[in-house]
**Q** 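Following this message is one structure expressed as structure tokens.
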Amino acid sequence: PAQSTALLAYAPGLHFIVALCACFFARIIAVPIAAPDVISKTAQERFWHTYHNLKPDIVLSHTRLRDILATKLPAAQKVIYTNEVSDSMS
């Protein structure tokens, strides 16, 4: 069976490291990319190009990107804002 993929959209930092380790633990292929709010227009285009080519099963990100991602992601795309995940959900 095909393995699940996750696009990790984070600025450098602890949230990224935790999400990456969670993907390793869950045996999900993690594809890290710079968060679209902290990069140049060229890098933003690279982000969306990567998203459309990868067609990830899930996008992991931080709530500060919610507005940016919500305007461009398809409604059916599964997104988890990892800073909202409580210990009871993990």
**Q** Does Ala19 have any side-chain contact (heavy atoms from CB on, under 4.5 Å) partners at least two apart in sequence or in another chain, and if so, which?
**A** Leu8, Tyr10, Leu60
**Q** For Asn83, what residues pass the side-chain contact (heavy atoms from CB on, under 4.5 Å) criterion, not counting sequence neighbours?
**A** His15, His62, Thr63, Tyr81
**Q** Which atom pair, heavy atoms only, marks the closest approach of Arg64 to Ala11?
**A** NH2-CB, 3.0 Å
**Q** State plainly whether one hydrophobic cluster holds both Leu54 and Ile33, where clusters connect Ile, Leu, Val, Met, Phe, Trp and Tyr through side-chain heavy atoms under 4.5 angstrom apart.
**A** yes
**Q** Each residue besides Phe25 in its hydrophobic cluster should be listed here, by chain and number; the cluster joins Ile, Leu, Val, Met, Phe, Trp and Tyr at side-chain heavy-atom distances under 4.5 Å.
**A** none
**Q** For Val18, which fellow cluster members are found when Ile, Leu, Val, Met, Phe, Trp and Tyr are connected by side-chain heavy-atom distances below 4.5 angstrom, either directly or through intermediates?
**A** Leu14
**Q** Any idea how His52 and Trp48 line up, ring-wise: parallel (<30°), tilted (30 to 60°), or perpendicular (>60°)?
**A** tilted
**Q** Can a donor-acceptor pair be found, under 3.5 Å and without considering hydrogens, that links the side chain of Ser61 to the backbone of Ala9?
**A** yes
**Q** Write down the atom of Val31, the atom of Thr50, and the distance for their closest heavy-atom approach.
**A** CG1-CG2, 4.4 Å
**Q** Under the side chain to side chain contact (heavy atoms under 4.5 Å, CB included) rule, what do Gln77 and Val59 come out as? Steps first, then yes or no, please.
**A** CA-CA 8 Å; Gln77 177 64 59; Val59 175; 3.9 Å; yes
**Q** Would you compute the distance between atom CG of Asp57 and atom OG1 of Thr5 and round it to the nearest 0.5 angstrom?
**A** 4.0 Å
**Q** Please table the atom pairs, donor to acceptor, closer than 3.5 Å between any side-chain atom in residues 67-76 and protein atoms at least two apart or in another chain.
**A**
| from | atom 1 | to | atom 2 | distance (Å) |
| --- | --- | --- | --- | --- |
| Thr71 | OG1 | Asp67 | O | 3.4 |
| Thr71 | OG1 | Ile68 | O | 2.9 |

**Q** Taking only residues two or more places apart in sequence or in another chain, which ones pass salt bridge (Lys or Arg N to Asp or Glu O under 4.0 Å) with Arg46?
**A** none
**Q** Going hydrophobic residue to hydrophobic residue with side-chain gaps under 4.5 angstrom, can you get from Ile28 over to Tyr51?
**A** no
**Q** Looking at every heavy atom in both Ala30 and Leu20, which two are closest together, and how far apart are they?
**A** CB-CD1, 3.7 Å
